[in-house]
Amino acid sequence: MEGKENEGMGSNFIRTIIEEDLKSGRTESVHTRFPPEPNGYLHIGHAKAIVINYETASEFGGVYNLRFDDTNPVKEEIEFEEAIKRDIKWLGYDWQHRLYYASDYFETLYEYAVELIKKGLAYVCDLSQDQVKELRGNLTEPGKESPFRNRSIEENLDLFKRMKNGEFDEGSRVLRAKIDMSSPNINMRDPVMYRILKKEHHRTGKKWVIYPSYDFTHGQSDSLEKITHSLCDISFENHRPLYEWFIDKLGIYPSRQIEFARLNLTYTITSKRFLKRLVDEETVEGWDDPRMPTIIGMRRRGVPAGAIREFMKSVGVSKKESLIDIDNFEYCVRDYLKKSSPQVMAVKEPLVLNIVNYPEDESENIETDTLPSNPGTAIRKIPFSKYLYVERSDYTDKDDPDFFRLRPGNFVKLRKSYIVRCLSATKDDSGNITEIQCEYIPGSLNMMKVDGKKIKGIIHWVSKDHSDECILRLYDRLFNAENPLRAKDADFKELLNKNSVRVIKGCRIESSVIKSTSPEDRYQFIRNGYFCADMKEFSPANPVFNMTISLK
RNA sequence: AGGGGCAUGGCCAAGCGGUAAGGCACCAGGUUUUGGUCCUGGCAUGCGGAGGUUCGAAUCCUUCUGCCCCUGCCA
């Protein structure tokens, strides 16, 4: 079975804060949310945010929302929404009826903006984008006030209404919060609340030509949904004063934002922008390429959702910038797979093994457990006959005392089958081995010793006439650099592993397997690693398996 | 010469004044019909540095240092 999953996120600073909030009475329950922008596919970094938000709520008996942060019609698409919902569900989380859209709040947000104008806390600014930038100042110099900052409330109200009515050109005016142009926090230097964007929105259509900015949307959306704890990544830390400013000035429900460090993994990229480049430049086959750290890519690769969840729980939550060794992730994948995967035999690079003393036309069936972790629950029969396929790499004629497998003179155990003694090998004109000859020891089916000596070499095999051809796709890391985006002055594409995929055709697999396999079924191919029937391309006519991960 | 944040073993990470959890990695043994798994043992006289408070400090105070983030009408 799949074993017990750890409950909750373990001890961390967010839990401590929530416990204090509960104790002080600031809140009586916990309600979180995951707020993706539907402009791309979810990746392993998003999975961290999902797991943290959702597991934390569950841990405290609370609930969580899914909210699409769709405030920018030029970047967002319905296609991504569907993919995001699919991925979150696959990860094992159910937001039930709590699906929201920031765009559902456009009307309310507009009213909020009017309210702030009336309070003298927002104004329409006619400066060009460049002028706004110029007056904003920089990290060490304070900004200067816009000449439009002190317009009358009436004029602001009128102008803002006309912005909404489409009377002005795109980019000609914005609505800004009147905060403090000399604030050391640049986000507080009269940030933009609304911009004119004459683009059709995928949900609201042509209704709006002005759209609220992230800062003027996020906190209020949290507030409207009564989100108690808004858990986001650390890049929003500098925005928290603004988040709180809008909530405070509007006098609405005070959601609390808490930031945690993003996930970084060695040899992988967790940046939507760079992943998009890999897709656009056709470095990979798409967002669902099994080498991609996207949720869908990993799923197609064969990574179980439970392994991703377990990984997120195991690495913990903190505010420290970290680069987690990919070994931690791979451990979780193997740990999950070894408990749950059926084990069958498949030969990657087949070489014929001829058992010289076994009758030509005979065969026999050997019964064995398919789920060794649950003995007796799944028994299958493996056909054995005179001609088998074994792994080419399991034979050598070189003199190597540490090589325990097929070598002339060696005794070797054919897993679950007979003990065999390697006799010889035949080669073709160019010196390639074409067949190995062995003799088997009748009656050695359950034996592991010869002449009282334990056999050290155990190999997998498949019967030549009782096996099917299949395709194996072997994957390796996409990047050679430990930290691709930090690699000194190198284009990250130069850091690509040229051999990140190897497709092997003509592999052989036990004949019972393919006919009972569906896309996404996972196996351990004994001694070869964990494999998953490709979710897009697998069929009995095209039996392609993706290597999820090697055995260690 | 601005503001915000972070510093505990190779990588994560607990700890919240009482004498350094745990996981990964690694090393050494044992088991094993996968050179896998599993089991056992090892792995920080030390918590970025320096001072100080205290019977006692990773935890409190002072100071220094290093790294990350912030100048989109992106989110």
Side-chain angles (χ1 to χ4, degrees), chain A residues 10-13 16 35-37 39-40 69-72 74-76 102 125 127-129 132-143 170-176 182-189 191-197 210-211 213-215 217-218 232-241 259 261-262 265-266 272-273 311 313-332 334-335 338-339 343 345 368 372-373 402-405 413-417 419 445-448 454-460 524-529 550-552:
Chain A
S11 184
N12 64 67
F13 78 102
T16 304
E37 181 187 17
N39 71 341
D69 221 335
D70 54 349
T71 60
N72 188 346
V74 322
K75 296 170 70 177
E76 295 147 10
C125 181
L127 255 24
S128 71
Q129 202 161 329
V132 169
K133 186 176 177 179
E134 222 179 289
L135 292 186
R136 187 154 32 222
N138 57 42
L139 297 182
T140 50
E141 312 262 325
E170 210 169 276
S172 63
R173 285 181 165 82
V174 291
L175 182 72
R176 293 226 254 168
S182 63
S183 171
N185 181 343
I186 294 176
N187 294 309
M188 299 299 270
R189 319 240 261 228
V192 170
M193 295 163 60
Y194 268 91
R195 72 282 211 198
I196 300 170
L197 246 28
I210 57 171
Y211 290 93
S213 64
Y214 165 83
D215 284 311
T217 304
H218 200 85
C232 61
D233 84 66
I234 212 140
S235 61
F236 296 101
E237 197 157 33
N238 291 330
H239 292 249
R240 189 176 354 117
E259 312 84 11
R262 307 174 38 109
L265 276 176
T266 55
K272 212 190 287 190
R273 190 178 137 226
F311 170 65
K313 292 173 186 175
S314 76
V315 296
V317 187
S318 76
K319 298 189 74 159
K320 185 170 108 183
E321 185 187 68
S322 62
L323 179 61
I324 295 169
D325 198 320
I326 192 75
D327 285 343
N328 286 274
F329 178 69
E330 297 187 341
Y331 169 83
C332 291
R334 289 193 183 95
D335 189 55
K338 77 188 171 204
K339 294 169 188 159
Q343 300 186 0
M345 294 197 282
T368 187
S373 52
D402 293 326
F403 190 87
F404 306 132
R405 291 107 78 197
K413 178 73 177 179
L414 297 176
R415 195 171 197 274
K416 298 293 177 184
S417 176
I419 293 173
L445 223 39
N446 296 309
M447 287 166 45
M448 283 306 289
K454 184 122 184 168
I455 295 198
K456 285 180 134 176
I458 302 155
I459 64 171
H460 60 284
Q524 181 191 142
F525 290 166
I526 289 161
R527 294 213 307 137
N528 269 327
S550 63
L551 295 172
K552 225 172 153 190

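Residue numbering restarts at 1 for every chain, and letters A, B, ... go by the order of the sequence lines.
With sequence neighbours left out, the side chain to side chain donor-acceptor pair (under 3.5 Å) criterion links A/Thr16 to no other residue. By the side chain to side chain contact (heavy atoms under 4.5 Å, CB included) test, A/Leu323 is found to be paired with A/Asn264, A/Thr266, A/Asn483, residues two or more places apart in sequence or in another chain being considered. In terms of the side chain to side chain contact (heavy atoms under 4.5 Å, CB included) criterion, residue partners of A/Ser417 (sequence neighbours excluded) are, by chain and number, A/Ile366, A/Phe384, A/Leu414, A/Leu445, A/Trp461. For A/Cys332, the side chain to side chain contact (heavy atoms under 4.5 Å, CB included) partners are A/Phe311, A/Ser314, not counting sequence neighbours. Remark: A/Glu37 pairs with A/Asn39 by the side chain to side chain donor-acceptor pair (under 3.5 Å) rule, at least two apart or across chains. In this structure A/His460 satisfies the ring-ring contact (aromatic ring centres under 6.0 Å, His included) test with no other residue, sequence neighbours excluded. Evaluation of the side chain to side chain donor-acceptor pair (under 3.5 Å) rule for A/Ser172 yields no partner, not counting sequence neighbours. Partners of A/Asp69 under the side chain to side chain contact (heavy atoms under 4.5 Å, CB included) rule, at least two apart in sequence or in another chain, are A/Pro35, A/Thr71, A/Ala102, A/Tyr214, A/Thr217, A/His218.
Both distances falling under 3.5 Å, in either a Watson-Crick or a G-U wobble arrangement, occur for no nucleotide opposite B/rA21. Partner assigned to B/rA44 is none, using Watson-Crick or G-U wobble distances below 3.5 angstrom. Using Watson-Crick or G-U wobble geometry with both donor-acceptor distances under 3.5 Å, B/rA50 finds its partner in B/rU62.
The same atom, C1', is picked in B/rC61 and in B/rG17; the two are 13 Å apart, to the nearest Å. One C1' atom belongs to B/rU40, the other to B/rA44, and the distance between them is 22 Å to the nearest Å. Between the C1' atoms of B/rU53 and B/rU63, the separation comes to 15 Å (whole Å). Distance check on atom P: B/rG48 versus B/rC6 gives 14 Å, rounded to whole Å. Rounded to whole Å, the C1' atom of B/rU59 lies 38 Å from the corresponding atom of B/rU71. Using atom C1' as the reference point in both B/rG49 and B/rA28, the two lie 36 Å apart (nearest Å). Atom name C1', nucleotides B/rU33 and B/rG29: the rounded distance is 22 Å, in whole Å. Comparing the same atom, P, in B/rG5 and in B/rG10 gives a spacing of 28 Å after rounding to whole Å.
In this structure, A/Leu445 places its CG atom 11 Å from C1' of B/rU33, rounding to the nearest Å. In this structure, the CG atom of A/Asp233 is 15 Å from the C1' atom of B/rC6, given to the nearest Å. Put simply, NZ on A/Lys313 is 18 Å from P on B/rA13, counting in whole angstrom units. Here the P atom of nucleotide B/rU34 and the CD atom of A/Gln343 are 10 Å apart, to the nearest Å. Rounded to a whole Å, the CZ atom of A/Phe404 is 11 Å from the P atom of B/rG36. The nearest whole Å value for the distance from the CE atom in A/Met188 to the P atom in B/rG4 is 13 Å. Atom CD1 of A/Ile459 is separated from atom C1' of B/rG36 by 16 Å (rounded to the nearest Å). Rounded to an integer number of Å, the gap from NZ of A/Lys320 to C1' of B/rG15 is 14 Å.
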Mark up nucleotides 23-28 of chain B, 5' to 3', with B wherever a protein heavy atom is under 4.0 angstrom from a base atom, S wherever such an atom reaches only the sugar-phosphate, and - elsewhere. BSSS--
Under a 4.0 Å heavy-atom criterion, the protein footprint on nucleotides 69-75 of chain B, written with B, S and -, is BBBSBBB
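Distances shorter than 4.0 Å separate some side-chain N or O of A/Lys338 from OP1 or OP2 on B/rC38. The phosphate of B/rA14 (OP1 or OP2) has no side-chain N or O of A/Ser11 nearer than 4.0 angstrom. Residue A/Lys319 places no side-chain N or O under 4.0 Å from the OP1 or OP2 atom of B/rA7.
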Residues 135-143 of chain A, side-chain donor-acceptor partners within the protein, below 3.5 Å, at least two apart:
{"unit_1": "A/Asn138", "atom_1": "OD1", "unit_2": "A/Thr140", "atom_2": "N", "d": "2.9"}
{"unit_1": "A/Asn138", "atom_1": "OD1", "unit_2": "A/Thr140", "atom_2": "OG1", "d": "3.3"}
{"unit_1": "A/Asn138", "atom_1": "OD1", "unit_2": "A/Glu141", "atom_2": "N", "d": "2.7"}

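With contacts defined as side-chain heavy-atom distances shorter than 4.5 Å, the pair A/Gln524/A/Leu551 qualifies.
Nucleic acid contact for A/Lys454: sugar-phosphate only, since backbone atoms but no base atoms lie under 4.0 Å from a heavy atom of the residue. A/Phe525 comes within contact range of no nucleotide atom at all, as no heavy-atom separation falls under 4.0 Å. Contacts of A/Val74 with the nucleic acid, taken as non-hydrogen atoms under 4.0 Å apart, are absent. Contact annotation for A/Ile324: backbone-only contact, meaning every heavy-atom pair under 4.0 Å involves sugar-phosphate atoms and none involves a base. At a threshold of 4.0 angstrom between heavy atoms, the contacts of A/Arg189 with the nucleic acid are absent.
Looking at the side chain of A/Gln524, the nearest of the listed nucleotides B/rU34, B/rG4, B/rC12 is B/rU34.
Map A/Asn528 and A/Leu323 each onto its nearest nucleotide of RNA chain B; the residue landing nearer the 5' end is A/Leu323.
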Give me the distances for all protein-to-nucleotides 40-44 of chain B N/O pairs that come in under 3.5 Å?
none

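Remark: the A/Ser235 side chain and the A/Asp233 side chain contain an N/O donor-acceptor pair separated by less than 3.5 Å.
Atom CD of A/Glu170 has more than 12 heavy atoms from other residues, nucleotides or ligands within 6.0 Å. Surrounding NZ of A/Lys456 are at most 12 heavy atoms belonging to other residues, nucleotides or ligands under 6.0 Å away.
By the rule that a glycosidic angle within 90° of 0 means syn, B/rG15 does not qualify and counts as anti.
Scanning all heavy atoms of the two residues, the minimum distance from A/Arg176 to A/Met193 falls at C-SD, 3.7 Å.
No hydrogens or angles were tested; on distance alone, nothing pairs the side chain of A/Arg527 with the base of B/rG35 as donor and acceptor under 3.5 Å.
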